[in-house]
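Written below as structure tokens is the structure these notes are about.
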Amino acid sequence: MKKLVIVGGGFAGLWAALVAAREAAVAGGALEITLVTREPFLTVRPRLYEVFTEAFRAPLAPTLDPLGVRVMLGEVESIDTAAQSLRVKTAAATQTLGYDRLVVATGSVQQALPVPGAAEHGYDIDTYAGAQTFDLALKTRLAALKPAQALHVVVVGGGFTGIELATEMRRRIAAHAGAAVAAAAQISLLERSGTLGPALGAGPAPAVAAAMSATGVTVETGVTVAEIGAESVTLTDGRRLPADLVVITTGLRAQALAASLPGDCDDAGRAVVDAQLRLPAAPTVFVAGDVARAQVDADHLALMSCQHAVPMGKCAGYNAAHDLLGLPMRDYAQPDYVTCLDLGDYGAVFTMGWERAIQQSGAEVKALKQMVNTQWIYPPVGDRAALLAAADIDAPWPPAT
Ligand SMILES: Cc1cc2nc3c(=O)[nH]c(=O)nc-3n(C[C@H](O)[C@H](O)[C@H](O)COP(=O)(O)OP(=O)(O)OC[C@H]3O[C@@H](n4cnc5c(N)ncnc54)[C@H](O)[C@@H]3O)c2cc1C
């Protein structure tokens, strides 16, 4: 039986497995599909700024077992595209796994902040473990506060994640220590460029500014962090800001395996793929999600977002399966682009198009964001028939659209 191996059980990898399994079932051609990933969960990374909950992880088994996709837990250490094999380190041993087609979907990691003290004193919300560690530290610092003492939290990096985390921070504090302690906390958001959310463009800027004011976040733009200490952040202008906790949200970079693949990478470490998400220098390999540099249309590249990772995963799974089954492949394309940014108690902002023209902002969009985060981005579950229907590449995603 032909072997399809998918590396990475995130949004792209899970959907690649689902769609490949469906295409094999529909074509009546058996494929052996193996998903190699570190944990038996999909981490719902877009929720990691929220008040911490174990629901940030969705188990893979209810989605993949009914479709006969085998999950192998381990770390892929290297890929040999000439030999068509992977080295996988599992709890038991390091082994070699062969493939006929491979989908690489190993996602992204937060860029390191290259300043003294960042590794020792900085927290992140990049992974489930990172978000859990920060939540525990928050709880511990709050428990140690003296009466009338205010907690100082500094968020470094004013992109999407930094904005969502900073505006959510009082809710997170209130969840552990109550509304009064949350109201007294000092929340700061530091951004190196002259504008908050530089990648967001001008459209959402007024709503973001209103949200910062409404949620009591002190914003400093045009500032650069020089050092992070146990109780302070020092800026390159010499100022020292009090900081009980520092969270670093300075952007994402493709996971390192992408750079080891033959062919070109972009500045974010993403492997350059063709219109069918195939690696030009190794045509048995497809790449999807945050590790792929792919055109969504003639003018735009896919972003490191679930919005692009899921359709890319679907397309890569479809093409890898079709290639093995001798069926036609499809080009990846995604004409629509929207953003829905959470802004804490202010609400949220919803934009459409690459210019991010605001459609709605404030409290009324919050319900939409909550629906996206708690329902739409979770993997489908159900019986085999329901999963096969959800795995149709032409089925709308998110499901409610
Ligand atoms: C805090 C935060 C907020 C975000 N908010 C949004 C948002 O609002 N909207 C949005 O669209 N996107 C958002 N994103 C981005 C979104 O989460 C990513 O674009 C998405 O997760 C990418 O999916 P992926 O499948 O490419 O990678 P991932 O979801 O990162 O999955 C990769 C998987 O591969 C596994 N893996 C990696 N390396 C190996 C290896 N060597 N061996 C085995 N397994 C491996 C990982 O453990 C992981 O399970 C956010 C991200 C973060 C961190």
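One-based numbering, in listed order, for ligands and for the atoms of each. For this chain, numbers begin at 1 and follow the sequence in order. Keep in mind that what you see is a predicted model, and the values were worked out from it rather than measured. What you see below is based on every heavy atom in this structure, not just the backbone, and it leaves out hydrogens, waters and symmetry mates.
In this structure, the separation between CZ on Phe134 and CD1 on Ile125 is 8.0 Å, given to the nearest 0.5 Å.
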Identify all side-chain donor-acceptor contacts of residues 12-24 below 3.5 Å with residues at least two apart in sequence or on another chain.
unit_1: Arg22; atom_1: NE; unit_2: Leu388; atom_2: O; d: 3.0
unit_1: Glu23; atom_1: OE1; unit_2: His322; atom_2: NE2; d: 2.8

Anything under 3.5 Å between a donor and an acceptor, one on a side chain of residues 194-207, the other on a protein residue two or more places apart or in another chain? List them.
none

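Residue pairs meeting the ring-ring contact (aromatic ring centres under 6.0 Å, His included) criterion with at least one member in residues 244-300, sequence neighbours excluded, are His300-Trp354.
Ring centers of Phe160 and Tyr49: at least 6.0 Å apart, outside the cut-off.
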Original post:
When you look at Asp264 and Arg293, which way does the salt bridge (charged side-chain N to carboxylate O under 4.0 Å, His left out) test go after all the steps?
Top reply: CA-CA 10 Å; Asp264 297 328; Arg293 181 193 184 276; over 6 Å; no
Enumerate the pairs of nitrogen or oxygen atoms, one from ligand 1 and one from the protein, separated by less than 3.5 angstrom; state names and distance to 0.1 Å.
unit_1: ligand 1; atom_1: 8 (O); unit_2: Lys369; atom_2: NZ; d: 3.4
unit_1: ligand 1; atom_1: 11 (O); unit_2: Cys306; atom_2: N; d: 2.8
unit_1: ligand 1; atom_1: 11 (O); unit_2: Gln307; atom_2: N; d: 3.4
unit_1: ligand 1; atom_1: 12 (N); unit_2: Cys306; atom_2: N; d: 3.2
unit_1: ligand 1; atom_1: 19 (O); unit_2: Asp290; atom_2: OD1; d: 2.9
unit_1: ligand 1; atom_1: 19 (O); unit_2: Asp290; atom_2: OD2; d: 3.0
unit_1: ligand 1; atom_1: 19 (O); unit_2: Met304; atom_2: O; d: 3.4
unit_1: ligand 1; atom_1: 19 (O); unit_2: Ser305; atom_2: N; d: 3.0
unit_1: ligand 1; atom_1: 25 (O); unit_2: Phe11; atom_2: N; d: 3.0
unit_1: ligand 1; atom_1: 25 (O); unit_2: Ala12; atom_2: N; d: 2.8
unit_1: ligand 1; atom_1: 26 (O); unit_2: Asp290; atom_2: N; d: 2.9
unit_1: ligand 1; atom_1: 30 (O); unit_2: Arg45; atom_2: NH1; d: 2.8
unit_1: ligand 1; atom_1: 38 (N); unit_2: Arg38; atom_2: NH2; d: 3.2
unit_1: ligand 1; atom_1: 38 (N); unit_2: Gln255; atom_2: NE2; d: 3.3
unit_1: ligand 1; atom_1: 41 (N); unit_2: Glu75; atom_2: OE2; d: 3.2
unit_1: ligand 1; atom_1: 41 (N); unit_2: Val76; atom_2: O; d: 3.0
unit_1: ligand 1; atom_1: 42 (N); unit_2: Val76; atom_2: N; d: 2.9
unit_1: ligand 1; atom_1: 47 (O); unit_2: Arg38; atom_2: NH1; d: 3.4

